[in-house]
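Here's the structure, in structure tokens; my notes come after.
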Amino acid sequence: MKDLDLGVEYVIPSLGYRNVREQHNQDERKESQDFKYQKAKPQHVDCLDALEAAARAEGLPLDISVHSNLKILDEGHHKGKYHHGRNLLKPFRITSKHQHPVDNAGLFSFMTFSWLTPMARLAYKKGELFFEDVWPLSKHESSDVNSKRLEKLWLEEVTEKGADESSLRSVVWNFCRTRLIISIMCLMLTQLAGFIGPAFVVKSLLEYTQQSSTDLVYSLLLVFALLMTEIVRSWSLALTWALNYRTGSRLRGAVLTMAFKKILKLKNIKEKSLGELINVCSSDGQRMFEAAAVGSLLAGGPIVAILGMIYNVMILGPTGFLGSAVFILFYPAMMFVSRLTAYFRRKCVSVTDERVQKMNEILNYIKFIKMYAWVKAFSQNVQKIRENERKILERAGYFQSITVGIAPIVVVIASVLTFSVHMMLGYDLNAAQAFTVVTVFNSMTFALKVTPFSVKSLSEASVSMDRFKLPSTV
């Protein structure tokens, strides 16, 4: 007993265990009687808790492991906070030390998604992918790492402003700030390349076609410049999407892990219903991902609108303000639609929580409902709630359809209004001016097309952030 280590778990063997050993080897009977304690081997215990099962399905860790990915990342902190991000600036990388190919990718591989080529080739050969064919999760996308970072930022916010005045929106912005700023810069480069091509290169090509003399070198340079602007535009846009998708996955994993941990610590849920908690862990996490993936695209609209207005005024004169005014007035309309979307979202969420809560009650007490023949009454109640939810979704869908349908025809309205007023006032309009203005308007359409989706995702994420403020433990 003096040599017994109290820090290690031991199991006392039963009589049956010793009898089996005696039957196999009677010579070891004395040794088996003296051996009273044996170290226990660690066993894996499956947890059947519903929330933990859901967390495992989402890939969210609920325990703190000694060998967590956070410890792995801490080993490289001496190299700098943005050491891994700076590696992505290398055009080409041949390293293979990371478990996920995206961490080994260079700039061109990352922006063109060419690191997915082996997976696509494997899926083409086999016809389907199995779980063992998928790469392990990147340690930088681990919800364990990102949730701890988000929790740290939240604790700093609470310490600085207090529990009542702290804002989850500012914490989420600090969590995604660096990557979103880089994404917005790439989006600005996309908009500038898309504007320079039609505004200057296309205009020069049209003017060159009207000349009687030919210059082969000059024409080839114009064609090459048009090609380069399109390459820069497409690659910078691809880099924007690559950054946004990765940022969205990190934010979704971090927020959902925090929500799961908070729910598991609650002793009672106070005013929060079970249906609302299920909704928070299912749909609201996806809203956060969509906001990080699409919300930053809203920043490119005002820049290209201002550039287009200045350029059209330089080409057409005062009448150039008309077409640009149509684009600029479209954004206040989007802000109004975003408020309506947020309003319908809040109403729909409350009705959805009520429906989910009612379905939980029905499933829990289905025996009594069958026993007393209350099936029809409860089905009518659920149908009534579902009908109310459908009406709210229809109204929100109408406004969303209007904005999506108006965006493509804004270019036509702006062009017709600008050219009509320009000709009515007696100004001259040649082919180079007309085609240049139309191409500039077309370059401004991307910002208009993504604006409804960006506004919708940001307004829904704003509602989701309010719902993530769960009651405190009592």
TODO: With rounding to the nearest 0.5 Å, note down the distance linking CZ in R390 to CD1 in I392.
DONE: 11.0 Å

List, one per line, each side-chain donor-acceptor pair under 3.5 Å for residues 128-137, sequence neighbours excluded.
residue : atom : partner : partner atom : Å
D133    : OD1  : K126    : NZ           : 3.2
D133    : OD2  : K126    : NZ           : 2.6
D133    : OD2  : F130    : N            : 3.0

Open item on the list: With a 3.5 Å distance limit and no angle check, can you tell me whether N244 reaches the backbone of A293 through a side-chain donor-acceptor pair?
Closed with: yes

Open item on the list: So K152 and K148, do their side chains get closer than 4.5 Å, heavy atoms only?
Closed with: no

- [ ] Measure the spacing between CZ of R355 and SG of C348 and express it to the nearest 0.5 Å.
- [x] 8.5 Å

- [ ] Verify the neighbour count for atom CD of E165: are there more than 12 heavy atoms of other residues, nucleotides or ligands below 6.0 Å?
- [x] no

Open item on the list: Once rounded to the nearest 0.5 Å, what's the spacing between atom CG of L180 and atom CZ of F175?
Closed with: 10.5 Å

Task: K384/E387 under salt bridge (Lys or Arg N to Asp or Glu O under 4.0 Å): CA gap, chis, key distance, verdict - done: CA-CA 5 Å; K384 183 179 179 181; E387 186 67 21; over 6 Å; no

Task: Distance (rounded to the nearest 0.5 Å) between L429 CG and T319 OG1 - done: 8.5 Å

Task: Non-hydrogen atoms of L187 and S296 that approach each other most closely - done: CD2-O, 3.5 Å

- [ ] Decide yes or no for M359 and V382: does some side-chain heavy atom of the first lie under 4.5 Å from some side-chain heavy atom of the second?
- [x] yes

Open item on the list: Using side-chain hydrogen bond (donor to acceptor under 3.5 Å, both in side chains), reason through R287 and S457 one step at a time and then give a plain yes or no.
Closed with: CA-CA 7 Å; R287 299 293 183 270; S457 62; over 6 Å; no

TODO: Determine the minimum heavy-atom distance between V201 and L222, stating which atoms define it.
DONE: CG1-O, 3.4 Å

Open item on the list: Between V410 and F441, is the side chain to side chain contact (heavy atoms under 4.5 Å, CB included) condition met? List the steps.
Closed with: CA-CA 9 Å; V410 171; F441 283 155; over 6 Å; no

- [ ] Evaluate the criterion side chain to side chain contact (heavy atoms under 4.5 Å, CB included) for residue pair M185 and I181; output intermediate values, then yes/no.
- [x] CA-CA 6 Å; M185 292 174 61; I181 290 175; 4.2 Å; yes

Task: Exam field: side chain T240 to backbone S236, donor-acceptor pair closer than 3.5 Å - done: yes

Open item on the list: Does any part of the side chain of R246, heavy atoms only, come nearer than 4.5 Å to the side chain of F110, both counted from C-beta?
Closed with: yes

- [ ] Would you please test E157 and S167 for side-chain hydrogen bond (donor to acceptor under 3.5 Å, both in side chains) and show each step?
- [x] CA-CA 7 Å; E157 178 77 10; S167 173; 5.5 Å; no

Task: T257 (side chain) donor-acceptor with S147 (main chain) under 3.5 angstrom - done: no

- [ ] Answer yes or no: is there a side-chain heavy-atom contact under 4.5 Å between Y218 and S204?
- [x] yes

Task: Ring centers of F200, Y311 separated by less than 6.0 Å - done: yes

- [ ] Ignoring hydrogens and angles, tell me if any N or O in the side chain of T418 forms a donor-acceptor pair with the backbone of G323 under 3.5 Å.
- [x] yes

Open item on the list: So does S166 get a backbone contact from the side chain of S170, meaning a donor-acceptor N/O pair under 3.5 Å?
Closed with: no

TODO: Would you confirm whether T209, through its side chain, and L206, through its main-chain N or O, come within 3.5 Å as a donor-acceptor pair?
DONE: yes

Open item on the list: One pair to check against salt bridge (Lys or Arg N to Asp or Glu O under 4.0 Å): R233 and E230. What are the steps and the verdict?
Closed with: CA-CA 5 Å; R233 185 189 64 83; E230 286 300 310; 3.1 Å; yes

Task: Beyond-backbone contact of Q286 with S464, side-chain heavy atoms, under 4.5 angstrom - done: no

Task: S114 side chain near T117 side chain, heavy-atom distance below 4.5 Å - done: yes

Task: The single option from V304, L307, I196, L237 passing side chain to side chain contact (heavy atoms under 4.5 Å, CB included) against Q191 - done: V304

TODO: Apply side chain to side chain contact (heavy atoms under 4.5 Å, CB included) to the pair M258 and L150, showing each step before the final yes or no.
DONE: CA-CA 8 Å; M258 281 188 62; L150 187 62; 3.4 Å; yes

Task: Heavy atoms from other residues, nucleotides or ligands near CZ of F435 exceed 12 (cutoff 6.0 Å) - done: no

Open item on the list: With rounding to the nearest 0.5 angstrom, report the SG to CG distance, C176 to N146.
Closed with: 9.0 Å

Task: Any donor-acceptor pair under 3.5 Å from S420 side chain to L417 backbone - done: no

- [ ] Spell out, as yes or no, whether a donor-acceptor pair under 3.5 Å connects the side chain of H422 to the backbone of G320.
- [x] no

- [ ] Might you confirm whether atom CZ of F113 has over 12 heavy atoms from other residues, nucleotides or ligands at distances under 6.0 Å?
- [x] yes

Open item on the list: Within the 4.5 Å heavy-atom criterion, are W241 and L297 side-chain neighbours or not?
Closed with: yes

Task: Polar side-chain atom of N442 near backbone of V411 as donor-acceptor pair, under 3.5 Å - done: no

Task: Any M288 side-chain heavy atom under 4.5 Å of M465 side chain - done: yes

Task: salt bridge (Lys or Arg N to Asp or Glu O under 4.0 Å) assessment of E354 paired with K358 - done: CA-CA 6 Å; E354 183 182 358; K358 183 64 66 176; over 6 Å; no

Task: Candidate list V421, T436, V437, test side chain to side chain contact (heavy atoms under 4.5 Å, CB included), partner L316, passing option - done: V437

- [ ] Look up atom CG in L226 and atom CG in L221, then write down how far apart they are to the nearest 0.5 Å.
- [x] 12.5 Å

Task: Derivation and outcome, side chain to side chain contact (heavy atoms under 4.5 Å, CB included), residues T247 and S183 - done: CA-CA 10 Å; T247 304; S183 173; over 6 Å; no

- [ ] Spell out, as yes or no, whether a donor-acceptor pair under 3.5 Å connects the side chain of R169 to the backbone of S462.
- [x] yes

Open item on the list: Suppose the criterion is salt bridge (Lys or Arg N to Asp or Glu O under 4.0 Å): which pairs have a residue in residues 196-223, not counting sequence neighbours?
Closed with: K203-E207

TODO: Provide the closest heavy-atom pair for F195 versus V440 in the form atom of the first, atom of the second, distance.
DONE: CE1-CG1, 3.8 Å

